[in-house]
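The structure appears right after this line, and notes come after that.
Sequence lines set the chain letters: A, B, ... in the order given, protein chains first and strands last, and positions in each chain run from 1. Computed from a predicted model, the values in this text were never measured in an experiment.
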There are 2 protein chains.
Amino acid sequence: MSDDAPPEALRSLASWLLTQTAAHAHRLVTDGLGAIAARGHHYRLLASLDEFGPASQATLARHSGVHTSDVVAALNELSAAGHTARLPDPADRRRNIITLTPSGRTHLTAMRERLQAVQEDLLRPLDATERATLTTLLTRLLAHHENRERESRHAG
Amino acid sequence: MSDDAPPEALRSLASWLLTQTAAHAHRLVTDGLGAIAARGHHYRLLASLDEFGPASQATLARHSGVHTSDVVAALNELSAAGHTARLPDPADRRRNIITLTPSGRTHLTAMRERLQAVQEDLLRPLDATERATLTTLLTRLLAHHENRERESRHAG
DNA sequence: AGGCATTCGTTGGTGGCGCCAACGTCGGCG
DNA sequence: CGCCGACGTTGGCGCCACCAACGAATGCCT
């Protein structure tokens, strides 16, 4: 649906370049994960569990950046598939403790492989140095805006 | 909702960096345009009209990259606000010819100003050279994936 | 000890964006 | 003439980000 060249008014906007390339990246990721019946949220949650160990849904949300209401839905799916276990915290009955099951660990590994392939696909036209540069620039932008968010949340 | 640091498994994925920064960019754009009751699609369409002149909805979709079904909705809003005019093409009665009204031109200018401010906000941590580098890298990625899309559409 | 604010999980809903299927209308070409 | 295709439109889907509200439970503060 976008055969002709976009107007310069778009091409010259960094925000447009970002959201467009991100859209392509998102499609690659969705397709890659879709092939093993997974979605972005699943990877974020399982990766967080793997790296930080068992956690409540709230801390899981904070680590993964997934909204708590979406964490509920994603964990419903993951638990139904046996990839996570949801058991009540005896020390605080408001909380659930989420753990990664062996099946979940296997699934996570499969996701990682898919995502590695996606990165290759995504970054194909760039050489190693350029990839590093891109990563650095994006990381700096991200850090900046994450800080801004934190400040405005604590101030407001 | 994302207070703690994301896991390294995310930070190391270029696709994640892209979609995250794009999400921030998208929010800035949405807020900026929202202040003047505009949305992303509106800008894309008006900018296309401004740069390429009056066009049918189909060619407008091709230029702006907005899906035709979404073009309909956006043009309903823009026409209702008097920013565009939709008149039947006498030469081809399937087509509508969309034109930019004076009011639309004014609106476009206001959007441009907002978006310029957003770019500043978005890229604040980068100096001029770094901004140029980022633009170049993203443009190359975008061109690559756009070509891939075209090829697969004409092949399949 | 009592009362209040806060946290946690959950439900249901919103909006943007990208996209697909279907349909009636109309034009162009073999 | 008949068929294929383009055009505009409607209605719907999926993913992601996010918000409001609620009951249950906890912790703090007095």
Side-chain angles (χ1 to χ4, degrees), chain A residues 1-3 15-16 18-34 37-45 55-62 64-77 79 86-98 145 149 153, chain B residues 1-3 15-16 18-34 37-45 55-62 64-77 79 86-98 145 149 153:
Chain A
M1 288 303 167
S2 59
D3 266 319
S15 57
W16 186 82
L18 263 175
T19 50
Q20 288 300 303
T21 51
H24 282 282
H26 179 254
R27 184 170 18 193
L28 291 176
V29 167
T30 300
D31 290 354
L33 292 183
R39 283 182 296 106
H41 283 165
H42 297 176
Y43 179 72
R44 295 210 227 167
L45 294 179
S56 73
Q57 300 185 190
T59 67
L60 209 44
R62 282 187 281 265
S64 64
V66 175
H67 201 94
T68 55
S69 47
D70 299 325
V71 168
V72 174
L75 285 183
N76 285 344
E77 297 162 3
S79 295
R86 208 197 227 132
L87 22 103
D89 184 343
D92 185 340
R93 277 179 300 175
R94 288 171 305 177
R95 263 182 272 233
N96 295 330
I97 299 182
I98 312 299
H145 290 289
E149 227 179 41
R153 254 207 318 281
Chain B
M1 287 304 168
S2 58
D3 267 318
S15 58
W16 186 82
L18 263 174
T19 51
Q20 288 300 304
T21 52
H24 282 283
H26 179 254
R27 184 169 19 189
L28 292 176
V29 167
T30 299
D31 290 354
L33 291 183
R39 284 181 295 105
H41 282 164
H42 298 177
Y43 179 71
R44 295 210 226 167
L45 293 179
S56 74
Q57 299 186 191
T59 66
L60 209 44
R62 282 188 280 265
S64 64
V66 175
H67 202 93
T68 55
S69 47
D70 299 323
V71 168
V72 174
L75 284 183
N76 285 343
E77 297 162 3
S79 295
R86 208 197 226 133
L87 22 103
D89 185 341
D92 185 340
R93 276 180 301 175
R94 288 171 305 177
R95 261 181 273 234
N96 296 330
I97 298 183
I98 312 299
H145 291 289
E149 227 180 41
R153 253 208 317 282

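Between Q20(B) atom CD and dA17(D) atom P the separation is 6 Å, expressed in whole Å. Protein atom CZ of R27(B) is 16 Å distant from nucleotide atom C1' of dT14(C), rounded to whole Å. Atom CG of L75(A) and atom P of dC8(C) are 15 Å apart (whole Å). In this structure, R94(A) atom CZ and dG23(D) atom C1' are separated by 13 Å, rounded to whole Å. Taking atom CG of residue N96(A) and atom C1' of nucleotide dT26(D), one finds them 15 Å apart after rounding to whole Å. Nucleotide dC26(C) holds its P atom 13 Å from the CG atom of D89(B), rounded to whole Å. dC15(D) atom C1' lies 19 Å from atom OH of Y43(A), rounded to whole Å. Regarding H24(A), its NE2 atom lies at a distance of 8 Å from the P atom of dC19(C), rounded to whole Å.
Residue Q57(B) forms a side chain to side chain contact (heavy atoms under 4.5 Å, CB included) with just one option from V66(B), L45(B), T68(B), V72(B), and that option is V72(B).
Both G40(A) and A91(A) sit near DNA chain D, but only G40(A) has its closest nucleotide nearer the 5' end. Mapping D92(A) and R39(A) onto DNA chain D by nearest heavy atom places R39(A) closer to the 5' end of the strand. Mapping T19(A) and S56(A) onto DNA chain C via the closest heavy atom, the residue that lands nearer the 5' end is S56(A). Of the residues near DNA chain C, T30(B) and R93(B), the one whose nearest nucleotide (by heavy atom distance) lies more toward the 5' end is T30(B).
Comparing dT9(D), dC16(D), dC7(D) by their closest approach to the side chain of H41(A) singles out dC16(D). Here dC20(C) is the nucleotide among dC15(D), dC20(C), dC18(D) with the atom lying nearest to any side-chain atom of H67(B).
Side-chain to base pairing of S69(B) with dC20(C): one donor and one acceptor N or O lie within less than 3.5 Å of each other. The base of dC18(D) sits with one of its N or O atoms less than 3.5 Å from a complementary donor or acceptor on the side chain of D70(A).
Under 4.0 angstrom from either OP1 or OP2 of dT10(C) there lies at least one side-chain N or O belonging to R86(A). Within the 4.0 Å cut-off from OP1 or OP2 of dC16(D), at least one side-chain nitrogen or oxygen of H26(A) is found. Under 4.0 angstrom from either OP1 or OP2 of dT9(D) there lies at least one side-chain N or O belonging to Q57(B). R62(A) has no side-chain polar atom (N or O) that falls below the 4.0 Å cut-off from OP1 or OP2 of dT7(C). A sub-4.0 Å separation between OP1 or OP2 of dG18(C) and a side-chain N or O of R44(B) is present. Side-chain N/O atoms of R95(A) include none lying less than 4.0 angstrom from OP1 or OP2 on dT10(C).
Among all heavy-atom pairs drawn from H41(A) and A74(A), the shortest one is CB-CB, 4.2 Å. S56(A) approaches R95(A) most closely through the heavy-atom pair CB-CD, 3.6 Å.
Using a distance-only test at 3.5 Å, with no hydrogens or angles considered, a donor-acceptor pair links the side chain of T19(A) to the main chain of W16(A).
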Report task. Evaluate the criterion side-chain contact (heavy atoms from CB on, under 4.5 Å) for residue pair R27(A) and H145(B); output intermediate values, then yes/no. Result -> CA-CA 11 Å; R27(A) 184 170 18 193; H145(B) 291 289; over 6 Å; no
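In this structure R86(A) satisfies the salt bridge (charged side-chain N to carboxylate O under 4.0 Å, His left out) test with no other residue, sequence neighbours excluded.
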